[in-house]
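All values below come from the heavy atoms of this structure, side chains included, with hydrogens, waters and symmetry mates left out. As the structure is a computational prediction, the values presented were derived from the model and not from experiment. Lettering follows sequence order; numbering is per chain, from 1.
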Amino acid sequence: MYGLGLAKGLVVTAKNLVLPSRMMTIQYPDRKVGLLGLSKATDTSLVDLIRKDPVNVFKALLGIADVKTSLPQHPRFRGEEFNWYEQRCTGCASCAKYCPLGIIEIVTSESGDQMQEGQKYHLDKFDIDIGRCMFCGLCVEACPYDALHMGSGFEEGKYRRQDLVIDKRQLVSAKKKPSTWFRPQLSNKNYDPHKGKNVKWDSAGRHEKPSLQQQQDKWAKR
Amino acid sequence: MMEIEILRSGFDFLGIYGFFDGFMPDNLDWLVFLITSVILAMVIINALVISTALLTWFERRMLGRFQSRLGPNRWGPFGLLQPIADLVKLLTKEDTIPEGADKPVFTLAPIVFLVPALIVFAVIPLHGSSFLGRLNIGLIFVIAITSVNTLAIFMAGWSSLNKYAMFGAMRAVAMLVSYEIPMGISVVGVAIAAQTLGLSNVVLAQDIPFILVMPLGFLVFITAASAEMSRTPFDLIESDSELGAGYHTEYSGAKFALLQLTEFMAPVIVAALVTTLFLSGWRGYGPIPGPVWFIIKTFVVLFGFVWIRASWPRLRVDQIMSLAWKGLLPLSIVNLFVIAVEVFIFNPGEAGLSTRDLLIMTGINWSITIIALIVIFNVMGQSKLKRPEPVALPLANMYANTTVSKKATDLAEAD
Ligand code: SF4
Ligand code: SF4
C-alpha cells in the first residue's frame, strides 16, 4: 500500500532509539557516567563509593563524573611504542639492518659478559624514531631473539619531533605489553596486551629458557 | 473594569491587574496597566525562551539517539548547558550586514519573525485561561498572527540580496500560503465541533479529545503545521543541502540567534496549539494539576516532531505543492464536511455536543478517515506510475541509421 514506507522509516529510527545494541558511538578518552555507571567502572560498591569519594558521587548524580575509557583494539594491533627486552637483546642489529627507513640506531661496545655463550654486546644506544616509523614490523620479524616486539598503545602524541625518538632508557622503563603481532608464542597463550599483565622477558621468547645444565651440555663441555 | 469577570484563579492579565489595582490610587490606572503588561511580557518571553532552549537540547539529544549517535553530552549534566554555550557563541560573533542589503528590512526581519511567536503563546490556555484571560476569538487570533511569519521570512530573504536567500524566501511564500489553507479548514472543523472560537472553550468542549473525534482533521493540521514551521520533511525553505541555509544565509551573530530561536520556538508553539485543539489541553485525570498535563501532552507532540524529523527525507518542491493542493486540501474539506453534517444532525444548540454524540462521531470519523487516507494515498501514488517512459536520445543508439554493422542480438533475431 502507498504510504507504508513512512511507517517503516519511523520503525527503523525507533529501533535505533530503543535498542542499545544499535548505539555505535564509543566515547574516548573519557565518558560521563551516572552513579551506577561510576560504581561499575571503578568496581566499588555504592556504599564504599559514597564513603570514600563523595565529590565524585555528587558529580555522578549530576551526570558530570568522568571515567577514563580506552578504545578496544585487537591484540595483534601494531602499536607505536615498541616493546624491547634488554635482557634478550644481543645487540646483533638485525632490526636496524632490516628497517626500510633506517630509523633504528644501535651503538654497541664489547662488554665481556657471558663469554661462555659467545660474548654479549653492551648496548650504548638503542634509538627508534617512531616519528618516521611506518609500523611495518619488519624489525620485529627480523629479531632472532624475540627481543623486540610491536607495542600495543597509540597515545604517543608529542609536541616536538625529537620527543618522538624513543631511546634505551624509555624502552627499558616502558610497560611491557607487547602486541602479539608476529609473536605466535604470545597469541597461542591467548595473551591480550589490552587486558593482560606485563610480560616478563623470560616468558616472551619462542622457546623455554634452557637450564644451566643444558647450556653447559651444549657449550662448555663440548 | 468591574463589569468584566475577574479570574483570580489563574495567572492572567486580569488577575495581575486586579492585584495591583487593589492598592494603587485610581488616577494611576495607566501605570497599573503598564506594570501588568511588563510582568506578563517577562513571564511569557522567559517561559518560551527557556522551553525553546530545552527543546534545542532535547531535539539534538533525541536526533542523536534516533541516528545511533549520542548528541551533545559534554557541557553540563547530560549536555544540558549546551544551549547556553550555543548562545554565547552566537552572541560573540560579528554581526555582519551585506553591503547591498536593504538594511532596515534586514534588521527588522528577525524581530518580525520573533514577535508573532511570542504573541501566540499569550493566548494559549495553560489552565482554564490563557495569559490574556479568556479570549473568545482565540482560533482566529492564532491563525491570523502566525501568518505574519511568511512576511518575515520573505523580508529576510529579499533584503539580504543573496540568490539562495531569495530562493528560500520564494519557496517559503509559495509553501506557507498553500499550507495555510488546509490548516485553516481543519481548524474550522474544530471550531464547529466545539461550537466556539475561544481556545479555552475548545478545551472545555473536549470530553473526548478531538484527536479521537476527528483523526483526519488532526492529521491534516499536524502535517500543515509542520510545513508552516518548515521542519523536515517540509524544510525546503532552508534546505541546507540545496540552498546553503535559505532565507538566513546572510545572517550572523545576534540576528541569526533570533532567527534560530524563533525557528526552534515554532515547534513549541505548534505543539501547544495541537495540545489545545486536539489533545484536550490541560484536562487530565487524577491528582496531577492541569498545567502539568498540558506540559506532558506538549512534550509528547514535540517528541513526535523530533521522531519525524529524524526519520523522513525532505520533499521536492513540486511534491510539497502537490501534497498541499491534491492531498491535504481534499482531506481537510472531507473532514470539515463530515463534521459539519454530523453537528447539523445532532444539533446540540447552546449546550454543545454531549459525550454520547462525540462517541458516535468518533466511530463514524475513524472509518471515514481510513477510507479517505487509502483513497488519497492511492490517488497520489498513481500519479507516480503514469510518468512517461524516458525516451532515449538519438545519439544513444549509434547503429540506428547505419548499415555498417549489426549487433549480435540483431543477427540472432534475423535467424
Ligand atoms: S616497524 Fe618498520 S619502519 Fe618501524 S622501525 Fe621497524 S622496520 Fe623500521
Ligand atoms: S634484532 Fe633483536 S636482538 Fe638484535 S639488536 Fe635488534 S632487538 Fe636486539
Around atom [atom1] of [X], are there more than 12 heavy atoms from other residues, nucleotides or ligands closer than 6.0 Å?
{"X": "K40(A)", "atom1": "NZ", "value": "no"}
{"X": "K176(A)", "atom1": "NZ", "value": "yes"}
{"X": "F58(B)", "atom1": "CZ", "value": "yes"}
{"X": "R132(A)", "atom1": "CZ", "value": "no"}
{"X": "R76(A)", "atom1": "CZ", "value": "no"}
{"X": "F135(A)", "atom1": "CZ", "value": "yes"}
{"X": "F337(B)", "atom1": "CZ", "value": "no"}

Sub-4.5 Å heavy-atom contacts with chain A: which residues of residues 302-310 of chain B show up? F303(B), W307(B), I308(B), A310(B)
When Q67(B), R65(B), M62(B) are compared by non-hydrogen pairs under 4.5 Å with chain A, the top option: R65(B)
With a 4.5 Å heavy-atom cut-off (strictly below), which parts of residues 7-32 of chain A touch chain B? List them by number. G9(A), L10(A), T13(A), A14(A), N16(A), L17(A), R22(A), M23(A), M24(A), T25(A), Q27(A), D30(A), K32(A)
